[in-house]
Q: 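Before anything else, here's the structure in question.
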Amino acid sequence: MKNMRRYELNSLKNWKNSPNRRPLMLFGARQVGKTWLVRNFAASEYDDLMELNFFTDHSINEIFAKDISPAYIIQQLELRFEKKIDPARTLLFFDEIQESQRAMDALKSFNDAGREYTIVAAGSFLSVMLGQRPVGQTDQMTLYPMSFCEFLEAMGHKILADTIKLHDTRALSGASDLLESLLKQYFYVGGMPPVLSEYAEYGDLSKVREIQNGLLSSYKGDFSKHINDPRTEPKIRMLWDSISLHLVRENKKFVYKNIKSGGRAAEFETAMQWLVDTGLIYKINKVETPKIPLKMHYKEDFFKLYILDIGLLGAQAEIKSADILKAGSDIVDDMYGALAEQFVCQELKAAKVSPLFYWGRQNSTAEVDFLTQDNGEIIPIEVKSAKHTKSQSLRVYMQEYKPKYAVRTSLKNYGVMENLYSVPLYMISELPGIIF
């Protein structure tokens with residue numbers, strides 16, 4: 001698709017030019033566009049791409065089985081592909097590398113004795129593969145579904161996306177109706193590249209849902225292909241299918257007994273970790289007493305789960321396009337809050353806002369949707385799905401903890417009142433540049 005652009009392409013370029021560059025491991029759930037991104041990176045930055053796919057071509061493993069020294073690997077690849085590998089001109093792409101532990105081990109060898117070569121290794125199941133990943137000997141990057149600004153560019157609204165990134169709030173306030181309409185489209189379509197490509201090309205919402213359902217089915221097929229213990233598969237399926245039911249509840253905290261009667265944490269721990277490791281879900285834990293660092297104060301047993309993509313959430317919940325794109329529907333009233341919260345979660349993830357938690361009092365309904373930290377400050381983020389933005393919970397938090405910054409994101413235009421930042425939903429990806 002000619003208008004598709006991934007902002008992580010700039011991150012890859014920065015990695016290429018880093019003086020301390022190591023082999024790169026590119027993480028991300030299946031179908032988020034890792035292979036497409038690397039191929040486009042190679043086309044713009046290199047004269048040649050040598051692509052090895054360890055899933056589709058098992059014979060490649062024979063090269064790595066004998067010797068993983070850089071000199072041997074390069075020699076054998078040159079013989080196999082019948083062309084020279086110039087370190088300055090060739091990008092080596094090891095795709096689906098989780099299929100070969102020896103290839104994973106070779107990344108360490110290249111880090112130790114082959115830094116002149118540029119290597120990107122990608123895989124959808126890197127975090128769940130058997131064996132040891134050479135994390136300390138590699139650089140790492142995670143690719144998420146396409147963000148709202150990437151969606152805008154794909155839909156031919158590059159100027160709108162650029163205006164968001166420039167934080168030109170005055171200009172954006174005049175385009176708020178258009179942005180709200182496009183935001184609703186994104187809530188339905190989401191950011192999965194195969195879906196967005198289809199929608200940008202043909203605008204067919206029924207085809208969008210067909211592709212989304214196909215992705216959901218393919219993920220379920222992965223449950224059986226990539227799980228070592230077959231007893232875990234039905235638990236993954238039950239947990240996966242329950243996420244939309246949890247998010248639509250007023251109290252979105254994940255409760256195991258809502259998966260099945262008598263469900264307990266010990267029964268589903270492995271299944272949940274598998275889904276987290278594959279990037280299919282995001283686990284956001286609760287913090288009751290917000291202190292720096294947040295990672296030392298969260299509650300392990302209290303958390304919310306989000307799916308990787310808002311469009312897939314809508315497909316899983318069987319939300320019709322009219323329920324999102326047309327105003328005045330009861331389903332919108334019930335679901336829109338959950339969709340807005342899902343949207344903010346994945347936008348913050350793509351913007352590399354980390355860590356992410358949520359705040360709640362013990363035995364109380366007071367709850368702030370997200371907490372993050374930066375430069376020694378804890379920042380609460382409250383999500384509202386409309387222009388009505390009254391929030392008792394955020395007020396309680398601010399009175400009790402007196403944060404230097406607080407954020408409320410909604411459909412209202414940008415504004416600042418003392419330490420409370422009102423950030424439009426369509427701008428939430430720019431939070432690092434606005435506050436941090």
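Small disclaimer: the values here were computed from a predicted structure and weren't measured.
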Q: If I take atom CE from residue Met272 and atom OG1 from residue Thr232, how far apart are they, to the nearest 0.5 angstrom?
A: 13.0 Å

Q: Who passes salt bridge (Lys or Arg N to Asp or Glu O under 4.0 Å) against Asp86, sequence neighbours left out?
A: none

Q: Under 6.0 Å between ring centres, would you say that holds for Phe187 and Phe343?
A: yes

Q: With a 4.0 Å cut-off, would you call Lys220 and Asp241 a salt bridge?
A: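 The answer is yes: the pair qualifies as a salt bridge.
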
Q: Does Lys283 reach the main-chain N or O of Val276 with its side chain, forming a donor-acceptor pair under 3.5 Å?
A: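 Here the side-chain-to-backbone pair does not exist.
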
Q: Looking only at atom types and distance, does a side-chain atom of Asp139 sit under 3.5 Å from a main-chain N or O of Trp15, one as donor and one as acceptor?
A: no

Q: Side chains of Glu210 and Gln212 only: does a donor on one sit below 3.5 Å from an acceptor on the other?
A: no

Q: Can you see whether Asp204 engages Ser206 through a side-chain donor-acceptor pair at a distance of less than 3.5 angstrom?
A: yes

Q: Is the distance from the ring center of Phe64 to that of Phe54 below 6.0 Å?
A: yes

Q: Are the side chains of Ile381 and Tyr358 in contact, using a 4.5 Å heavy-atom criterion?
A: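 No; the side chains remain at least 4.5 Å from each other.
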
Q: Please check this pair: side chain of Thr372 against backbone of Pro355, looking for a donor-acceptor N/O pair closer than 3.5 Å.
A: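 At least one qualifying donor-acceptor pair exists.
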
Q: Hey, are Tyr199 and Glu201 close enough side-chain-wise for a donor-acceptor pair under 3.5 Å?
A: no

Q: Can you list the residues that meet the salt bridge (Lys or Arg N to Asp or Glu O under 4.0 Å) rule with Arg115, with sequence neighbours excluded?
A: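 Per chain and number, Arg115 pairs via salt bridge (Lys or Arg N to Asp or Glu O under 4.0 Å) with no residue.
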
Q: CG/Asp222 to OG1/Thr278 distance, rounded to the nearest 0.5 angstrom?
A: 8.5 Å

Q: Please test Glu96 against Gln98 for side-chain hydrogen bond (donor to acceptor under 3.5 Å, both in side chains), starting from the C-alpha separation and ending with a verdict.
A: CA-CA 5 Å; Glu96 300 298 350; Gln98 77 276 350; 2.7 Å; yes

Q: Measure from the side-chain N and O atoms of Arg30 to the backbone N and O of Ser218, and report whether any donor-acceptor pair falls under 3.5 Å.
A: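 Indeed, once roles are kept as given, a pair shorter than 3.5 Å links the two residues.
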
Q: Rounded to the nearest 0.5 Å, what's the gap from CG on Leu126 to CE on Met104? Could you check?
A: 5.5 Å

Q: Between Ser422 and Val416 (side chain of the first, backbone of the second, donor and acceptor by atom type, cut-off under 3.5 Å), is there such a pair?
A: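 Here the side-chain-to-backbone pair does not exist.
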
Q: I want to check something: taking the side chain as every heavy atom from C-beta on, are Lys304 and Glu341 in contact at a cut-off of under 4.5 Å?
A: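 In contact.
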
Q: Assess whether a salt bridge exists between Arg39 and Glu51, defined as any Lys/Arg side-chain N lying under 4.0 Å from an Asp/Glu carboxylate O.
A: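 Yes, charged N to carboxylate O under 4.0 Å.
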
Q: Decide ring pair (Phe, Tyr, Trp, His ring centres under 6.0 Å) for Trp359 and Phe370; before the verdict, give the C-alpha distance in whole Å, the side-chain angles of both, and the deciding distance to 0.1 Å.
A: CA-CA 7 Å; Trp359 173 78; Phe370 298 102; over 10 Å; no

Q: Please report the C-alpha distance between Glu430 and Lys165 in whole Å, then the side-chain angles of each, then the deciding distance to 0.1 Å, and finally whether the salt bridge (charged side-chain N to carboxylate O under 4.0 Å, His left out) criterion is met.
A: CA-CA 7 Å; Glu430 294 305 298; Lys165 293 196 163 296; 3.2 Å; yes

Q: Apply salt bridge (Lys or Arg N to Asp or Glu O under 4.0 Å) to Arg395 and list each qualifying residue two or more places apart in sequence or on a separate chain.
A: none

Q: So Leu182 and Leu152, do their side chains get closer than 4.5 Å, heavy atoms only?
A: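 Sidechains of Leu182 and Leu152: in contact.
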
Q: Side chains of Thr409 and Tyr421: closer than 4.5 Å at any heavy-atom pair?
A: no

Q: Start with the C-alpha distance between Leu52 and Asp95, add both sets of side-chain angles, then the distance that settles side chain to side chain contact (heavy atoms under 4.5 Å, CB included), and finish with yes or no.
A: CA-CA 6 Å; Leu52 288 68; Asp95 203 5; over 6 Å; no

Q: With Asn413, which residues qualify under side chain to side chain contact (heavy atoms under 4.5 Å, CB included), at least two apart?
A: Ser173, Ser176, Tyr426

Q: For the backbone of Ile310 and the side chain of Gln346, can you confirm whether one donor and one acceptor N or O come within less than 3.5 Å of each other?
A: yes

Q: Is there side-chain contact between Ile243 and Ile281, with at least one heavy-atom pair below 4.5 Å?
A: yes

Q: If you apply the rule side chain to side chain contact (heavy atoms under 4.5 Å, CB included), what do you find for Met192 with Met146, and how did you get there?
A: CA-CA 6 Å; Met192 298 302 290; Met146 296 179 72; over 6 Å; no

Q: Indicate yes or no for a side-chain donor-acceptor contact from Asn40 to the backbone of Trp36 under 3.5 Å, with no hydrogens or angles considered.
A: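 Indeed, once roles are kept as given, a pair shorter than 3.5 Å links the two residues.
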
Q: Taking the side chain from Asp369 and the backbone from Val383, do they hold a donor-acceptor pair closer than 3.5 Å?
A: yes

Q: Could you check whether Asp48 pairs with Arg89 (Lys NZ or Arg NE/NH1/NH2 to Asp/Glu carboxylate O, under 4.0 Å)?
A: no

Q: Can you tell me how far apart OH (Tyr405) and CG (Asp374) are? Round to the nearest 0.5 Å.
A: 9.0 Å

Q: Tell me, please, which residues at least two apart from Thr142 pass side chain to side chain contact (heavy atoms under 4.5 Å, CB included).
A: Phe27, Tyr144

Q: Side chains of Lys13 and Phe41: does their closest heavy-atom pair fall under 4.5 Å?
A: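 Counting from C-beta outward, Lys13 and Phe41 do come under 4.5 Å.
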
Q: Any side-chain donor paired with an acceptor under 3.5 Å for Tyr282 and Gln342?
A: no

Q: Would you indicate whether the side-chain heavy atoms of Leu91 and Met50 approach each other to under 4.5 Å?
A: no

Q: Are the side chains of Leu313 and Ile319 in contact, using a 4.5 Å heavy-atom criterion?
A: no

Q: Taking side chain to side chain contact (heavy atoms under 4.5 Å, CB included) as the definition, give me every residue that meets it alongside Arg80, ordered by chain and number, with sequence neighbours left out.
A: Asp57, Ser59, Ile60, Ile63

Q: What is the distance from atom CG of Leu339 to atom OH of Tyr186, rounded to the nearest 0.5 Å?
A: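 Taking CG in Leu339 and OH in Tyr186, the distance rounds to 12.0 Å.
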
Q: Quick one: do Ile292 and Ile378 satisfy side chain to side chain contact (heavy atoms under 4.5 Å, CB included)? Show the steps, please.
A: CA-CA 7 Å; Ile292 298 286; Ile378 296 175; 3.5 Å; yes

Q: Please identify which of these residues, Lys158, Arg5, Arg6, meets the salt bridge (charged side-chain N to carboxylate O under 4.0 Å, His left out) condition with Glu150.
A: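 When Lys158, Arg5, Arg6 are each tested with Glu150, the salt bridge (charged side-chain N to carboxylate O under 4.0 Å, His left out) holds only for Arg6.
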
Q: Given the rule in the salt bridge (charged side-chain N to carboxylate O under 4.0 Å, His left out) test, do Glu8 and Lys352 qualify, once you have shown the distances and angles that lead to the verdict?
A: CA-CA 11 Å; Glu8 287 295 356; Lys352 299 182 175 64; 2.3 Å; yes

Q: Any donor-acceptor pair under 3.5 Å linking the side-chain atoms of Thr163 with those of Asp168?
A: no

Q: Should the heavy atoms of other residues, nucleotides or ligands under 6.0 Å from CZ of Phe55 be counted, would the total exceed 12?
A: no

Q: Answer yes or no: is there a donor N or O on one side and an acceptor on the other, between the side chain of Lys299 and the main chain of Asn285, under 3.5 Å?
A: no

Q: Can you confirm whether more than 12 heavy atoms, excluding those of Lys320, are under 6.0 Å from its NZ atom?
A: no

Q: Ignoring hydrogens and angles, state whether a donor on the side chain of Lys34 or Ser124 is under 3.5 Å from an acceptor on the partner side chain.
A: yes

Q: Just by modelled atom types, is the Val407 backbone N or O under 3.5 Å from a matching donor or acceptor in the Glu382 side chain?
A: no

Q: Does the side chain of Thr270 come under 3.5 Å of the side chain of Gln273 through a donor N or O and an acceptor N or O?
A: no

Q: Could you state the interatomic distance from CG (Leu280) to CZ (Phe223), rounded to the nearest 0.5 Å?
A: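 The CZ atom of Phe223 is 6.0 Å from CG of Leu280, to the nearest 0.5 Å.
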
